[in-house]
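What follows is one structure encoded as structure tokens, with my remarks underneath.
On a predicted model such as this, the values are computed, not experimentally measured, just so you know. Order of the sequence lines fixes the chain letters, A, B, ..., with proteins taken first and strands second; residue numbering starts at 1 for each chain. These numbers come from the heavy atoms of this one structure, side chains and all, not from hydrogens, waters or symmetry mates.
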Amino acid sequence: MNRVRFAPSPTGYLHIGSARTALFNYLFARSTKGKFLVRVEDTDKDRSTEESTRSILDGLKWLGFEPDEEIIFQSGNAGQHRAAALRLLEEGKAYRDFTPKGDVSDSDVKARIAERAREQGAEKDLRDNPYRDLDRSESDRRADAGEPFAVRLRVSEEGNTAFEDSVYGLQERDHSEIEDLVLLRSDGHPLYNLAVVCDDLEMGITHVIRGQDHLTNTHKQILIYKALGEEPPQFAHLPLILAPGGKKLSKRHHGEIVSLTTYRDKGFVAGAFRNFLALLGWSPKSEQEIMDLAALVDTFSLEGINRSNAVFNFDANNPRRWTDDKALWMNAEYIRTMPLDKLIPLVREELRGEKLWREEYDDEEKGWFEAVITVIRERYFTLKDFSEQGRAFFSEDFDHDPAAVKKHLAKKPELEQWLPEFADRLESLEDFSHDPIYEAANKFCEDKEIKLGVLLNGARVVVTGQAVGPSMITAFELLGRDRSVMRLRSKIAWNE
RNA sequence: GGCGCAUUCGUCUAGUGGUUAGGACGCAAGGUUCUCAACCUUGAAACAGGGGUUCAAUUCCCCUAUGCGCUACCA
């Protein structure tokens, strides 16, 4: 049985790239009847926080990915990692490095790597560590004397490692390109590459599906598997998600757009965002694009994964395009087509958050509420729209859009008289339903010799505060006689 | 610097040794309409560049360019 894991490090929010990695792991597990596991890689104790862990787990839950087994915390396995390193030391597959630990300031490591590499040029020798061939008894003696040491894997100078990546195909790397990597820090803490290998072994992971940024390091991990006398799992690396222009998508440069929680907070339907994410770097090879979780599980396979990085397209300077157009479109598509009983709970949450929810909507006004949602959801893009654009349906306390006032009221000052007059006609209607309201509106416009649009557009601004919205006849019907009449007579919009 | 990976419309992508290079989002035009969406019709829009191989290359090979990744006693 296949076993895969999603292994986030809790050093911040859940990045959308990580969310997609989790998605692909989940889909792979479900589509092959395997297990989806979660392992929190909290070994960097300086940067890991509980808050981050919680936020990541919340994000996974929101997307619908519950782990099949208990969540593993990597920090709890440090003892085993250390034991593995010591075993390799014992077997001579690793050695003690007594070089004093240098100061590593995190910020400029990349620059220093490049700098050092430039100096070495092509002449570099990754096996020039003076302790690599230190006499064993001498090494033991110094260790016993309490001298601190790091443990490094003894990588052979000849040959290469190779593996078949499910996405990128055959990967080979000469050992001469791989340094004797550190397994254990001089303070006794295991390092990432060792920890992942040990944990994946321990958890019985059969397929490692992760970001392409790990592709080159996979060779190091394979070396560790070999040294431990174990078979490496199957690897599948995923293309990355980039920012417009092909740049790295980072919190520092792109802010909250990279955080999954942003999408939840800005009114995304989880299924819609999940659907969008699935299409970034993976293709079902069909023209079907709208897919719920079951459909994704049905069609998912590693073969459909792309090799080139995908650009997450958005415009930081344009509020209307704060995130990818297609994501927004897909969210709208979900909002207007998803089953009402799936949508209602989401709208309820949104209205509750904005203090617009009334318990009656779940009870004696359920029918009315559903009718309203059915009508207004047609033109909404996010769940936020229900409380913002749709506010007038749930509250008397709503604003009048200045642009709408200008466009439909200011240009027709006569409406200030006409709208209350029209209110009188509505008030006297025997049957306050669609057709009679429509007839009344037409009759009124005939009397005043104006186009229907003039009346209804003006009414929309006064009654809903908006220039756009559902058919005004339907809106009157939904709001009911009293509220319609009252708002038509109101001078608020005229005085603002 | 070294090593690795990638490159089809603006973006996400399909695809093939011979195709009118397909779809989606977005964009534009038209229809519909009380507004705006939705919907329908139509349109503009791509094989990074250069060499090969081949009867034929977007597809196979090489080089260049560009981008990304890794190169840490970070994960």
Using the side-chain hydrogen bond (donor to acceptor under 3.5 Å, both in side chains) criterion, which residues pair with [X]? Sequence neighbours excluded.
| X | result |
| --- | --- |
| A:Lys407 | none |
| A:Thr49 | none |
| A:Arg5 | A:Asp200 |
| A:Gln80 | none |

Using purine N1 to pyrimidine N3 plus N6-O4 or O6-N4 for Watson-Crick, or N1-O2 and O6-N3 for G-U wobble, each under 3.5 Å, what pairs with [N]?
| N | result |
| --- | --- |
| B:U71 | B:G1 |
| B:C25 | B:G10 |
| B:A38 | none |
| B:U32 | none |
| B:A44 | none |
| B:A57 | none |

Side-chain polar contacts of residues 276-289 of chain A - donor-acceptor pairs under 3.5 angstrom, sequence neighbours left out - could you list them?
from     : atom 1 : to       : atom 2 : distance (Å)
A:Trp282 : NE1    : A:Ser301 : O      : 3.4
A:Ser283 : OG     : A:Lys285 : N      : 2.9
A:Ser286 : OG     : A:Gln288 : N      : 3.2
A:Gln288 : NE2    : A:Ile290 : O      : 2.6
A:Glu289 : OE1    : A:Lys326 : NZ     : 3.3
A:Glu289 : OE2    : A:Lys326 : NZ     : 3.3

With sequence neighbours left out, write down each residue that passes ring-ring contact (aromatic ring centres under 6.0 Å, His included) with A:Tyr438, or none if nothing qualifies.
-> none
Name all residues meeting the ring-ring contact (aromatic ring centres under 6.0 Å, His included) criterion together with A:His175; count only those two or more places apart in sequence or in a different chain, and write none if there are none.
->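 Result, ring-ring contact (aromatic ring centres under 6.0 Å, His included) vs A:His175: none returned.
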Classify the nucleic acid contact of [X] as base, sugar-phosphate or nothing, counting any heavy atom under 4.0 Å across all strands shown.
| X | value |
| --- | --- |
| A:Lys451 | nothing |
| A:Ser9 | sugar-phosphate |
| A:Arg152 | sugar-phosphate |

Return no unless some side-chain N or O of A:Arg210 is found under 4.0 Å from OP1 or OP2 of B:A75.
-> no
Under 3.5 Å, side-chain donor or acceptor atoms of residues 308-315 of chain A against the rest of the protein: list the pairs with distances, not counting sequence neighbours.
from     : atom 1 : to       : atom 2 : distance (Å)
A:Asn309 : OD1    : A:Leu240 : N      : 2.7
A:Asp315 : OD1    : A:Asn317 : N      : 2.9

Judged by modelled atom types alone, do A:Tyr263 and A:Asn331 share a side-chain donor-acceptor pair under 3.5 Å?
-> no
Report yes or no: do A:His237 and A:Asp213 form a side-chain donor-acceptor pair below 3.5 Å?
-> no
Kindly indicate whether the side chain of A:Thr216 and the base of B:C3 share any N or O donor-acceptor pair separated by less than 3.5 Å?
-> no
Applying salt bridge (charged side-chain N to carboxylate O under 4.0 Å, His left out), name anything that partners A:Lys266, two or more places apart in sequence or on another chain.
->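 A:Lys266 satisfies salt bridge (charged side-chain N to carboxylate O under 4.0 Å, His left out) with A:Glu256 once adjacent residues are dropped.
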Which nucleotide sits closest to the side chain of A:Leu191: B:A38, B:U71, B:A75?
->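 So the side chain of A:Leu191 is nearest to B:A75.
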How does each nucleotide of nucleotides 30-35 of chain B score, in 5' to 3' order, for protein heavy atoms under 4.0 Å: base (B), sugar-phosphate only (S), or none (-)?
-> ----BB
Going 5' to 3' along nucleotides 6-16 of chain B, which nucleotides have protein heavy atoms under 4.0 Å from the base (write B), which only from the sugar-phosphate (write S), and which from neither (write -)?
-> SS---SBSSS-
Separation of atom CG in A:Asp315 from atom C1' in B:C25, rounded to whole Å = 15 Å
For residues 176-183 of chain A, which residues have at least one heavy atom under 4.0 Å from RNA chain B?
->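 Nucleic-acid contacts, sorted: A:Glu177, A:Glu179, A:Val182.
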Toward the 5' end of RNA chain B, which comes first, A:Leu215 or A:Thr99, by nearest nucleotide?
->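 In this pair, the answer is A:Leu215.
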Is the side chain of A:Thr218 donor-acceptor paired with the backbone N or O of A:His214 at a distance under 3.5 Å, no angle test?
->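 Side chain of A:Thr218 to backbone of A:His214: a pair is present.
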